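Read through the structure below, which is laid out as structure tokens, and then see the notes.
All ligand and atom numbering here is 1-based and tracks the order in the structure. Quick caveat: nothing in here was measured; it's all calculated off a predicted structure.
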Amino acid sequence: MNAATIASWMREINASVRAERDHLVQLDAAIGDGDHGTNMTRGFEAVVLALGQALDADPESPPGKLLILAGRTLVSTVGGASGPLWGSALRSGGRVLGDQGSFDGAQLVEVLAAALASVKDLGTAAVGDKTMVDALEPAVEKLRARLTDGATVEDALEGAAAAAEAGMRSTIPIQARKGRASYLGERSVGHQDPGATSTALVIRALQKAVVYQNR
Ligand code: ADP
Ligand code: MG
């Protein structure tokens, strides 16, 4: 995996959050302020543009640098909670890769683990608080576990994407303890968390990007 993997991942995220924009808006309208679909769409549109410019200027841009640029772009274009959270996640993930030109599955786990750590650090949410952590943490754990068991990166990412989707659904019956939805108290029960939903799209996008690249 290399810079092209990261560029393709960001394009896949952009396409999927755009396709699911109205759904993400509806989910956020139910327990937040209804901007999550537009936040994610605006942010990843800007990320794709920024990465395109960076790769035009320097086709040898390393993958870590692209992730850091993606994170910076999210922070500067997205006002809601998801901008700083995903922004610091991608920057932390990018820092793990330094200037290296390619990375393997074990390093991908470290990238995503750093991203998760940074989300938890900034947002102080744990699994069960009804946030994006409910999708991201099981995805990172499943990726690590499958790779440790000797699975290919593609199979491990399929497991990670499925784990994120299960984590997303697990937010429905629980009460929000972090973010805007927590203001609703018990009334947040019965609704799927928008951030966990877009996080499942982000992990599924990574799985697709790697599968397409290896074809
Ligand atoms: P805002 O809540 O500022 O309008 P968004 O609508 O873009 O921002 O994003 C909302 C999502 O952000 C929530 O569904 C939740 O998953 C995530 N989120 C909010 N606060 C936190 C937090 N403290 N830690 C982790 N994720 C959070
Ligand atoms: Mg919102």
Side-chain angles (χ1 to χ4, degrees), residues 10 13-48 50 70-93 111-142 160-161 163-206:
M10 296 299 128
I13 297 173
N14 184 34
S16 57
V17 295
R18 177 173 301 281
E20 291 295 313
R21 178 174 51 197
D22 293 352
H23 181 221
L24 295 172
V25 161
Q26 281 162 19
L27 293 174
D28 196 32
I31 56 171
D33 57 358
D35 63 355
H36 190 61
T38 41
N39 283 344
M40 293 294 284
T41 305
R42 182 184 332 112
F44 282 94
E45 176 76 42
V47 165
V48 168
R72 254 200 338 258
T73 305
L74 288 177
V75 171
S76 62
T77 53
V78 179
S82 54
L85 288 167
W86 271 118
S88 67
L90 296 186
R91 279 186 314 200
S92 302
V111 167
L112 292 178
L116 170 65
S118 142
V119 168
K120 292 176 81 171
D121 203 43
L122 187 63
T124 68
V127 165
D129 286 346
K130 198 179 180 103
T131 70
M132 54 188 280
V133 172
D134 289 335
L136 190 53
E137 183 155 305
V140 177
E141 281 174 358
K142 182 62 80 177
E165 286 151 9
M168 165 190 94
R169 289 188 293 273
S170 79
T171 63
I172 297 173
I174 60 181
Q175 182 174 331
R177 282 195 289 254
K178 294 285 173 189
R180 225 177 260 283
S182 65
Y183 308 156
L184 290 182
E186 283 179 7
R187 281 182 295 139
S188 66
V189 170
H191 300 278
Q192 185 167 298
D193 179 61
T197 307
S198 59
T199 298
L201 296 175
V202 167
I203 303 298
R204 181 56 74 184
L206 176 60

Worksheet entry | Separation between CD1 of Ile172 and CG of Asp134, rounded to the nearest 0.5 Å | 11.5 Å

Practice prompt. Heavy-atom contacts with Gly80 under 4.0 Å: which atoms of ligand 1 show up? List them by number with element.
Written response: 3 (O), 8 (O)

Worksheet, complete the sentence: The closest protein heavy-atom partner of atom 12 (O) of ligand 1 is Ala81 CB, 4.2 Å

Worksheet item: Can any side-chain N or O of Thr171 pair as donor or acceptor with the backbone N or O of Asp193 at less than 3.5 Å?
Response: yes

Practice prompt. Indicate, as side chain, backbone, both or neither, the part of Leu85 found under 4.0 angstrom from ligand 1 when only non-hydrogen atoms are considered.
Written response: side chain

Practice prompt. Identify, by atom number and element, the atoms of ligand 1 in contact range of Asp35, meaning under 4.0 Å from any of its heavy atoms.
Written response: 4 (O), 5 (P), 6 (O)

Item to complete: Heavy-atom contacts with Asp33 under 4.0 Å: which atoms of ligand 1 show up? List them by number with element.
Response: 4 (O)

Practice prompt. Using a 4.0 Å heavy-atom cut-off, say whether Asn39 meets ligand 1 through its side chain, its backbone, both or neither.
Written response: side chain

Worksheet item: With the Mg ion (ligand 2) at the center, what angle do OD1 from Asp33 and OD1 from Asp35 span, rounded to 10 degrees?
Response: 80°

Item to complete: Note the single closest protein heavy atom to atom 9 (O) of ligand 1, along with its residue, its atom name and the distance in Å.
Response: His36 ND1, 3.2 Å

Practice prompt. Identify, for atom 16 (O) of ligand 1, the protein heavy atom at the shortest distance, and state residue, atom and that distance.
Written response: Asp193 OD2, 2.6 Å

Fill in: Element-labelled atoms of ligand 1 that are located less than 4.0 Å from some non-hydrogen atom of Gly123
22 (C), 23 (N), 24 (N)

Worksheet item: So, His36 and Ser198: side-chain donor and acceptor under 3.5 Å apart, yes or no?
Response: yes

Worksheet item: Any N or O of Gly195 that comes nearer than 3.5 Å to an N or O of ligand 1?
Response: yes

Worksheet item: Is there a heavy atom of Gly32 sitting under 4.0 angstrom from any atom of ligand 1?
Response: no

Worksheet item: Would you find a donor on one side and an acceptor on the other, under 3.5 Å apart, between the side chain of Asp28 and the backbone of Asp35?
Response: yes

Item to complete: State whether the side chain of Ser170 and the backbone N or O of Gly167 hold a donor-acceptor pair below 3.5 Å, judged by distance alone.
Response: yes

Worksheet, complete the sentence: So the atoms of ligand 1 within less than 4.0 Å of a heavy atom of Asp28 turn out to be 6 (O)

Practice prompt. Would you mind checking which non-hydrogen protein atom is closest to atom 7 (O) of ligand 1, with the distance to 0.1 Å?
Written response: Ser82 OG, 2.6 Å

Worksheet item: What do you reckon, is CZ of Arg187 surrounded by more than 12 foreign heavy atoms closer than 6.0 Å?
Response: no

Worksheet item: Looking only at protein heavy atoms, which one is nearest to atom 20 (N) of ligand 1, and how far off is it?
Response: Gly179 CA, 3.4 Å

Discussion item. Would the distance check show the side chain of Ser188 and the main-chain N or O of Ile31 forming a donor-acceptor pair, the cut-off being under 3.5 Å?
Written reply: no

Worksheet entry | Thr197 and Leu24, any side-chain heavy atoms less than 4.5 Å apart | yes

Worksheet item: Are any non-hydrogen side-chain atoms of Gln192 and Arg169 less than 4.5 angstrom apart?
Response: yes

Practice prompt. Can you measure from CD1 (Ile203) to NZ (Lys142) and round to the nearest 0.5 angstrom?
Written response: 14.0 Å

Practice prompt. Pull out every atom of ligand 1 sitting under 4.0 Å from any heavy atom of Ala125, numbered as shown with elements.
Written response: 24 (N), 25 (C)

Worksheet, complete the sentence: When every non-hydrogen atom of Thr131 is compared with those of Ala125, the smallest separation belongs to OG1-CB, 3.7 Å

Worksheet item: Of all the N, O or S atoms in Asp28, which one sits nearest to the Mg ion (ligand 2)?
Response: OD2

Worksheet item: What part of Arg180, side chain, backbone, both or neither, has a heavy atom within less than 4.0 angstrom of ligand 1?
Response: side chain

